[in-house]
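Throughout, a chain's letter reflects where its sequence line sits, starting with A, and its residues are numbered from 1.
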Protein chains: 2
Amino acid sequence: MTPMKEDYLKIIFELGGSHKKVSNKDISLGLGIAAGSVTEMVSKLSDEGLVVHEPYAGISLTEKGQKYAAELVRKHRLWETFLVDKLHYNFADVHSEAEVLEHQTSDRLATALDNFLQHPQACPHGGVIPSASGQFPDVSHRLLADANDGETVQLERFLDNHELLTYLEELKLRPNDTVKVIRHEPFEGPLVIEKDGEDTPLNVSYKASHNIFIKAGNSDK
Amino acid sequence: MTPMKEDYLKIIFELGGSHKKVSNKDISLGLGIAAGSVTEMVSKLSDEGLVVHEPYAGISLTEKGQKYAAELVRKHRLWETFLVDKLHYNFADVHSEAEVLEHQTSDRLATALDNFLQHPQACPHGGVIPSASGQFPDVSHRLLADANDGETVQLERFLDNHELLTYLEELKLRPNDTVKVIRHEPFEGPLVIEKDGEDTPLNVSYKASHNIFIKAGNSDK
DNA sequence: CAAAAAAATTAGGCTATCCGAAGAAGATGT
DNA sequence: ACATCTTCTTCGGATAGCCTAATTTTTTTG
Ligand SMILES: [Mn+2]
Ligand SMILES: [Mn+2]
Ligand SMILES: [Mn+2]
Ligand SMILES: [Mn+2]
């Protein structure tokens with residue numbers, strides 16, 4: 001298994017390849033690799049029993065491929081946690097370091113890191129850390145943008161995008177923060193929220209509000 | 001710069017390429033790569049101004065190549081220190097992990113690690129850690145095997161070889177230990193030593209005694 | 001439903017790195 | 001000093017990935 005093959009598995013996983021077919025195009029876009037090259041690599045992964053490829057229909061992970069991908073996500077997020085918690089990295093800056101370290105991380109090293117970090121449940125921007133055996137709980141897909149005015153919600157996770165995270169760092173928003181939604185400004189204007197315990201309202205851009213997921217199951221309360 | 005090119009630079013550095021010419025053969029042996037491939041890669045490194053290659057005579061590092069190699073050694077040894085000090089790895093087991101992590105370590109990450117580890121001077125088996133700018137002090141080349149009977153010496157560093165380190169782990173010998181040499185047994189027999197403060201003598205195999213370096217300048221005292 | 005657009009696959013080619021074998025250069029021993 | 005052994009370089013060929021362009025299939029749209 002090479003780092004590139006691992007990145008293919010991971011992006012397929014992140015695009016939902018565990019439970020649906022993902023397109024060649026999305027993989028190509030996600031990795032920044034030409035579509036033709038994706039077809040070629042997918043056929044190799046298929047030969048290795050890691051993905052199922054129905055030509056012109058889509059690509060999904062086999063059980064084996066999914067387990068492999070989850071382990072990689074685990075390693076990625078353990079490194080992110082290490083960098084923030086122990087090395088005091090800014091949470092917007094950890095992704096690129098983890099992106100390469102993940103491929104050079106033995107299972108033994110992952111276990112040792114996990115112990116050292118005292119078994120974190122989620123990475124710094126809220127992504128759940130799969131167990132060593134590749135298990136991971138379902139996550140919420142409810143967007144902050146979709147919360148109702150007046151509703152109090154808890155932030156769960158942010159998409160792992162440098163610009164978004166830098167923006168959220170400035171707003172001092174973190175996973176697990178509890179916020180009250182004041183209103184949705186019209187014309188794709190910002191979402192106005194109030195952080196728990198503070199009374200100065202905060203503007204969260206329309207776009208950002210679509211890249212933040214909130215905990216499910218506390219719809220109006 | 002690719003990981004393989006980095007490993008070429010590093011082995012040349014370790015073979016003494018900063019101050020003398022090293023042979024194609026030694027590089028080939030050190031990396032386990034065919035001699036023909038070494039010639040090819042060396043000519044690329046030469047094109048990049050990292051090494052000087054005199055055909056049939058040998059290969060040495062340029063200033064630039066030496067600095068690069070030293071940075072790599074720094075990253076390698078910082079990781080080894082991290083693994084032993086923080087993740088409680090056995091000091092015989094860290095080399096292979098560091099061998100791959102070193103190539104994925106940004107300067108920023110190296111700096112952060114160095115701070116986290118509180119600026120260690122040497123890796124777990126005594127190898128000196130170059131500064132961020134690639135500076136490193138001279139090290140002793142005096143072998144434990146060459147110490148005189150009755151002499152008290154301080155261990156400085158061990159060669160980074162898994163079997164040797166496992167052996168020394170069992171003997172509970174560490175860099176900086178002070179030991180008194182009792183006698184050299186004949187016919188390549190063991191060196192009998194006594195650890196400072198203990199009175200049970202220890203046998204150190206002939207071979208091991210030739211892979212342990214002691215601090216210079218305390219010859220009989 | 002046919003033309004146009006989009007997506008996917010196939011085909012030809014490139015670079016990096018490796019290997020093994022052959023031949024050239026250098027070192028060694030008598 | 002020359003025959004032999006060792007080391008080094010050169011050469012032909014392999015593999016992994018990537019790219020662009022051409023072609024095929026599927027989807028969308030008038
Ligand atoms: Mn990656
Ligand atoms: Mn992440
Ligand atoms: Mn290495
Ligand atoms: Mn080492």
Would you say B:D7 and B:H103 are linked by a side-chain donor-acceptor pair, where the criterion is simply a distance under 3.5 Å?
yes
Just grab all the salt bridge (charged side-chain N to carboxylate O under 4.0 Å, His left out) pairs involving residues 49-73 of chain A, residues at least two apart or on different chains.
A:K21-A:E54
Positional range of nucleotides in DNA chain C within the contact set of chain A, heavy-atom, under 4.0 Å:
C:dA7 to C:dT10
Kindly indicate whether a cation-pi arrangement holds for B:R174 with B:F91, taking the cut-offs as under 6.0 Å to the six-membered ring centre and within 45° of the axis.
yes
Ignoring hydrogens and angles, tell me if any N or O in the side chain of A:T62 forms a donor-acceptor pair with the backbone of A:L50 under 3.5 Å.
yes
Using salt bridge (charged side-chain N to carboxylate O under 4.0 Å, His left out) as the criterion, list what pairs up with B:E188, not counting sequence neighbours.
none
Tell me, which pairs form a salt bridge (charged side-chain N to carboxylate O under 4.0 Å, His left out) where one or both residues lie in residues 96-107 of chain A, sequence neighbours left out?
A:K10-A:E99, A:K10-A:E102, A:K75-A:D107
Partners of B:N24 by side-chain hydrogen bond (donor to acceptor under 3.5 Å, both in side chains), sequence neighbours excluded?
B:T39
Along DNA chain D, 5' to 3', what are the outermost nucleotides having an atom less than 4.0 Å from a heavy atom of chain B?
D:dT7 to D:dT10
If each of B:S37 and A:G36 is mapped to the nucleotide of DNA chain D with the nearest heavy atom, which maps nearer the 5' terminus, i.e. the 5' end?
B:S37
Is there a residue in residues 46-62 of chain A whose heavy atoms reach under 4.0 Å of DNA chain D, and which residues are they?
A:Y56
Tell me the ring-ring contact (aromatic ring centres under 6.0 Å, His included) pairs involving residues 58-81 of chain A, sequence neighbours left out?
A:H76-A:H95, A:W79-A:F82, A:W79-B:W79
I need the full list of salt bridge (charged side-chain N to carboxylate O under 4.0 Å, His left out) pairs touching residues 114-124 of chain B, with sequence neighbours left out, sorted by first then second residue.
B:R74-B:D114
N/O donor to acceptor pairs below 3.5 angstrom from side-chain atoms of residues 126-137 of chain B, sequence neighbours left out:
from, atom 1, to, atom 2, distance (Å)
B:S131, OG, B:S133, N, 3.3
B:S131, OG, B:S133, OG, 3.0
B:S131, OG, B:Q135, N, 3.1

Scan residues 23-32 of chain A against DNA chain C and write down, sorted by residue number, each residue with any heavy atom closer than 4.0 Å; if none is found, say none.
A:S23, A:N24, A:K25
If I take atom CD1 from residue A:I59 and atom NZ from residue A:K20, how far apart are they, to the nearest 0.5 angstrom?
12.5 Å
Contacts satisfying salt bridge (charged side-chain N to carboxylate O under 4.0 Å, His left out) that involve residues 28-39 of chain B (not counting sequence neighbours) are none
